Number of protein chains: 2
Amino acid sequence: MHSVGSMTYEAFNRQVMVSLEDICLEIFNDDTSTIKIKNPKIGVKKLVKIIEAALKLSNEKGFHAMSLRELCQESGMSMGGLYAYIESKDDLPRIIHDQGRRILGKVMSENLEDIRDPAQRLEMAIRIHLYLSERMLPWFYFAYMETRFFSTDVKQMSMSNELYTEKIFEKIVEDGCKSGIFAQVEPVFTASIIKAMLQDWYLKHWKYKNRKVSVDDYADFVISWVNGFLIAS
Amino acid sequence: MHSVGSMTYEAFNRQVMVSLEDICLEIFNDDTSTIKIKNPKIGVKKLVKIIEAALKLSNEKGFHAMSLRELCQESGMSMGGLYAYIESKDDLPRIIHDQGRRILGKVMSENLEDIRDPAQRLEMAIRIHLYLSERMLPWFYFAYMETRFFSTDVKQMSMSNELYTEKIFEKIVEDGCKSGIFAQVEPVFTASIIKAMLQDWYLKHWKYKNRKVSVDDYADFVISWVNGFLIAS
DNA sequence: AAAAAAATATCGAGCGTTCGCTATATTTTT
DNA sequence: AAAAATATAGCGAACGCTCGATATTTTTTT
């Protein structure tokens, strides 16, 4: 069994390798119908640039307000060139969500699979989620703020993503309650509120940055709060 | 001193009168330079329709994606008619924020002014904020989701709004710590997290509606969680 | 290994459409 | 009839998107 007491953001960064290139290669190989580029070396490199530029501009001024001409300038390509990678502007959110979903799923399951104790599992889940959102902040922000604008299928993809995370916390709390380690609480409610705390980190990032609160500080505080409720009460 | 134990959403609705007409009359009287309508009876009525329509469409598809032609159709007026009430599309967020800020400030201060006990004061602040956000859900959603897109002055107005609320909670927690009623906690952190919980109510409203969680249920749960942390630990 | 040919990737001007906005005409109210 | 409010037609600009031309890379031939 793992010892999770010493997990920090620094350790997370050393341990968890999520290369944007790797994920973009997967997307490149999957989306052969929309991506008209053959050479993976070229395609992946540009895909990375497109996603980074789209996230940057969308988070600054909103996806709708971002024009494709701006996106071209930011990612260093032309209108025509861009359209070798997407079929329409609405393709972008799908590509971006694809990328995030793959990483989130991979990292969460990898880090939780061999921790059995509910309290340790809960702490690890909270830390991993916070650390990953710190590392992929633009993606988390985008996924939260822009989802409501998109087509039904992208919206559903995003919602299932959200429920996936929430279910993880529900399950842990439920197990902890059953085994008597946690107090008898409502798992659905509890998971909701834990999630709200985790989201506050990436939605109000500027606030915590201004106050010089590190992600480790925040993680410690959330965990102490959750434990205060689940164990003391 | 008030007894706050029995405060419910129903009681809030009976007690707290926030008429959209009244607020729009105030806006109408203040914005004489931008609003070119003379007759208050006509002007206020249309102003209400414009605000309601703008909130509805913005929350559905985003402020940027909402065209003024759609807004005209939804509010039952023509392009020319609309421009008797606004100088530009960017006027709308300012008017909407104006309206919300007035109500929020009024309701919060009115309901908190004569409660001294920190625990009661905290509970009342949580309930009032939740109940008000339930009643003015489109406004709260709009204020949260669209702020980042707007001009500097509207953005600052919105941020000062946010800090105003946060300061209320900070102050209460601080007082409670000093007087020994609450455990020794970090007021800034604690206020942040309480705020995150309150925001979750109006940001994820569909989720709680699906689960048939009423705003009273949610308020009870938040308060029990906060008390669990502030008093038990 | 150099040259020619083919395949791949990039470019940017320009398409039709819709945007925010306004000048002018018309209707309604006083 | 004067004033106030509304409706309409249309402006220039910017939008998403396309397409023929061009540059670059890879493959084939000599």
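As a basis for the values below, the full set of heavy atoms in this structure was taken, side chains included, without hydrogen atoms, waters or symmetry mates. These numbers come from a predicted model, not from an experiment. In what follows, every chain begins at residue 1, and chains take the letters A, B, ... in the order their sequences are listed.
If you look at A:Phe189 and B:Phe221, their ring centroids are closer than 6.0 Å. Ring centroid separation for the pair A:Phe140 and A:His205 does not come in under the 6.0 Å cut-off. Taking the six-membered ring wherever Trp is involved, the centroid distance between the rings of B:Tyr208 and B:Tyr218 falls below 6.0 Å.
Here C:dT10 presents its P atom at 12 Å from NZ of A:Lys49, a figure rounded to the nearest Å. As rounded to whole Å, 12 Å separates atom P of C:dT8 from atom CZ of A:Phe28. The nearest whole Å value for the distance from the CD1 atom in A:Ile35 to the P atom in C:dA9 is 11 Å. For the pair A:Met77 CE and C:dC11 C1', the computed distance is 10 Å after rounding to whole Å.
B:Arg211 and A:Ser192 share a donor-acceptor pair across their side chains, judged by distance under 3.5 Å alone. Between the side chains of A:Asp153 and A:Ser151, at least one donor N or O lies within less than 3.5 Å of an accepting N or O.
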Check: protein-nucleotides 19-21 of chain C nitrogen or oxygen pairs below 3.5 Å:
from	atom 1	to	atom 2	distance (Å)
C:dG20	OP1	B:Met66	O	3.4
C:dG20	OP1	B:Lys89	NZ	2.9
C:dG20	OP2	B:Leu68	N	3.0
C:dG20	N7	B:Arg69	NH1	3.0
C:dG20	O6	B:Arg69	NH2	2.8
C:dC21	OP2	B:Tyr83	OH	2.5
C:dC21	OP2	B:Lys89	N	2.6
C:dC21	O5'	B:Tyr83	OH	3.0
C:dC21	N4	B:Arg69	NH2	3.4

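Annotated stems with DNA chain C as a participant read C:1-30 with D:1-30, given as range with range, by first number; only runs of 3 or more Watson-Crick or G-U pairs under 3.5 Å qualify.
Here B:Lys41 lies out of heavy-atom contact (under 4.0 Å) with every strand.
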(message) Show, in sequence, the C-alpha distance, side-chain angles and deciding distance for A:Glu10 and A:Arg14, and conclude whether the salt bridge (Lys or Arg N to Asp or Glu O under 4.0 Å) test is met.
(response) CA-CA 6 Å; A:Glu10 204 209 321; A:Arg14 260 186 282 109; 3.7 Å; yes

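Using a 4.5 Å heavy-atom threshold, the side chains of B:Lys36 and B:Tyr83 count as separate. By the 4.5 Å heavy-atom criterion applied to side chains, B:Asp30 and B:Ile27 are not counted as neighbours. Between B:Tyr85 and B:Asp91, the closest side-chain pair of non-hydrogen atoms is not below 4.5 Å.
With A:Gln15 contributing its side chain and A:Phe12 its backbone, the two residues share no donor-acceptor pair below 3.5 Å.
Contact footprint of chain A on DNA chain D: nucleotides with an atom under 4.0 Å from a non-hydrogen protein atom, first to last in 5' to 3' order, D:dC15 to D:dT26.
Annotation: A:Lys171, atom NZ; neighbour count of heavy atoms from other residues, nucleotides and ligands within 6.0 Å does not exceed 12.
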